[in-house]
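Residues: numbered from 1 along the sequence shown.
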Amino acid sequence: MAFVATAEACDSNAALLASGDLRALQPIFKNYGQSRAFSGLIVTLKVFEDNVIVRELLETKGEGRVLVIDGGGSMRCALVGGNLGQLAQNMGWAGIVVNGCIRDVDEINGCDIGVRALASHPMKSNKKGIGEKHVPVHIAGTLIREGSDICSA
């Protein structure tokens, strides 16, 4: 797959940016995983300090999709760790974007996927299974809808 630099995509599509059909997230995410650039159809998830549903989705075939997790920007625990990073790779996910934290950075950096998150945190999340799948989420000043395309470079 040929990648286009994000700046190039923005420069070449001013009308799409103006209309809102093309959006760029605020630059608040750190890069993790071996894939520094990734793209795919979006699957959305909204949770808060609970990663049970994150695991449920990552246990499904990724088929090159990208899981976008709105974790409410919590910096109090991690929503994705090394086991989930490995699961995402094994199930064929292209990447994960977390509006929240990850943990097990060395393990995630060893995975052949792309991961974006606000930071790392050593504490694991709750395990109550509370959250919403396949809903529009607001992350970094941008509305993200299930089924849209995402490109991270």
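Counting heavy atoms from C-beta outward, I96 and I113 have side chains that approach closer than 4.5 Å. Looking at heavy atoms from C-beta onward, V47 lies out of side-chain contact with D70 at the 4.5 angstrom threshold. Residues N31 and R116 form a side-chain contact, since some pair of their non-hydrogen atoms from C-beta on lies under 4.5 Å apart. With a 4.5 Å cut-off on side-chain heavy atoms, I69 and L67 count as touching. At least one side-chain heavy atom of V43 sits under 4.5 Å from a side-chain heavy atom of H134. At least one side-chain heavy atom of I139 sits under 4.5 Å from a side-chain heavy atom of F29. E107 has its side chain out of reach of I102: every pair of non-hydrogen atoms, C-beta onward, lies at least 4.5 Å apart. The side-chain heavy atoms of M91 and L58, taken from C-beta on, include no pair separated by under 4.5 Å.
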Start with the C-alpha gap between L41 and S148, add the side-chain angles, then the distance that decides, and say whether side chain to side chain contact (heavy atoms under 4.5 Å, CB included) holds. CA-CA 6 Å; L41 290 177; S148 298; over 6 Å; no

Would you check, one step at a time, whether the test side chain to side chain contact (heavy atoms under 4.5 Å, CB included) holds for C101 with S120? CA-CA 5 Å; C101 295; S120 63; 6.0 Å; no

Side chain to side chain contact (heavy atoms under 4.5 Å, CB included) between T60 and R65, worked out: CA-CA 11 Å; T60 65; R65 295 176 296 169; 3.9 Å; yes

Before giving the answer on side chain to side chain contact (heavy atoms under 4.5 Å, CB included), spell out for C111 and Q34 the whole-Å C-alpha distance, their side-chain angles and the decisive distance to 0.1 Å. CA-CA 6 Å; C111 294; Q34 290 185 3; over 6 Å; no

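Checked against side chain to side chain contact (heavy atoms under 4.5 Å, CB included), F48 has the following partners two or more places apart in sequence or in another chain: S74, R76. Among residues two or more places apart in sequence or in another chain, the side chain to side chain donor-acceptor pair (under 3.5 Å) test is passed with N109 by none. The side chain to side chain donor-acceptor pair (under 3.5 Å) search around K127 returns N51, not counting sequence neighbours. Residues passing the side chain to side chain contact (heavy atoms under 4.5 Å, CB included) test with K133 are L45, I53, E56, L57, sequence neighbours excluded. In terms of the side chain to side chain contact (heavy atoms under 4.5 Å, CB included) criterion, residue partners of A78 (sequence neighbours excluded) are, by chain and number, R103. Residues passing the side chain to side chain contact (heavy atoms under 4.5 Å, CB included) test with E59 are R55, L87, sequence neighbours excluded.
Put simply, CG on D149 and OG on S39 are 7.5 Å apart, with the number rounded to the nearest 0.5 Å. Taken to the nearest 0.5 Å, the NE2 atom of H138 stands 4.5 Å off from the CG atom of L143. Atom CH2 of W93 sits about 8.5 Å away from atom CD of E63, to the nearest 0.5 Å.
Nearest heavy-atom pair, P136 versus R145, reported as atom, atom and distance to 0.1 Å: CG-NH1, 4.1 Å.
Without hydrogens or angle criteria, D104 side chain to G82 main chain gives a donor-acceptor distance under 3.5 Å. Under a 3.5 Å cut-off, the side chain of D50 and the backbone N or O of V52 do form a donor-acceptor pair. Put simply, the side chain of E146 gets close to the backbone of T44: a donor and an acceptor are under 3.5 Å apart.
Note on V68 and F38: same hydrophobic cluster, where clusters join Ile, Leu, Val, Met, Phe, Trp and Tyr whose side-chain heavy atoms are under 4.5 Å apart, directly or indirectly. In the hydrophobic clustering of ILVMFWY residues, with side-chain heavy atoms under 4.5 Å counting as a link, V54 and V105 come out together. Taking hydrophobic clusters as Ile, Leu, Val, Met, Phe, Trp and Tyr residues chained together by side-chain heavy-atom distances below 4.5 Å, Y32 shares a cluster with L79. Under the 4.5 Å side-chain heavy-atom criterion for ILVMFWY residues, a single connected hydrophobic cluster contains both M75 and I28. Hydrophobic cluster membership differs between L118 and L84, with clusters built from Ile, Leu, Val, Met, Phe, Trp and Tyr side chains linked at under 4.5 angstrom.
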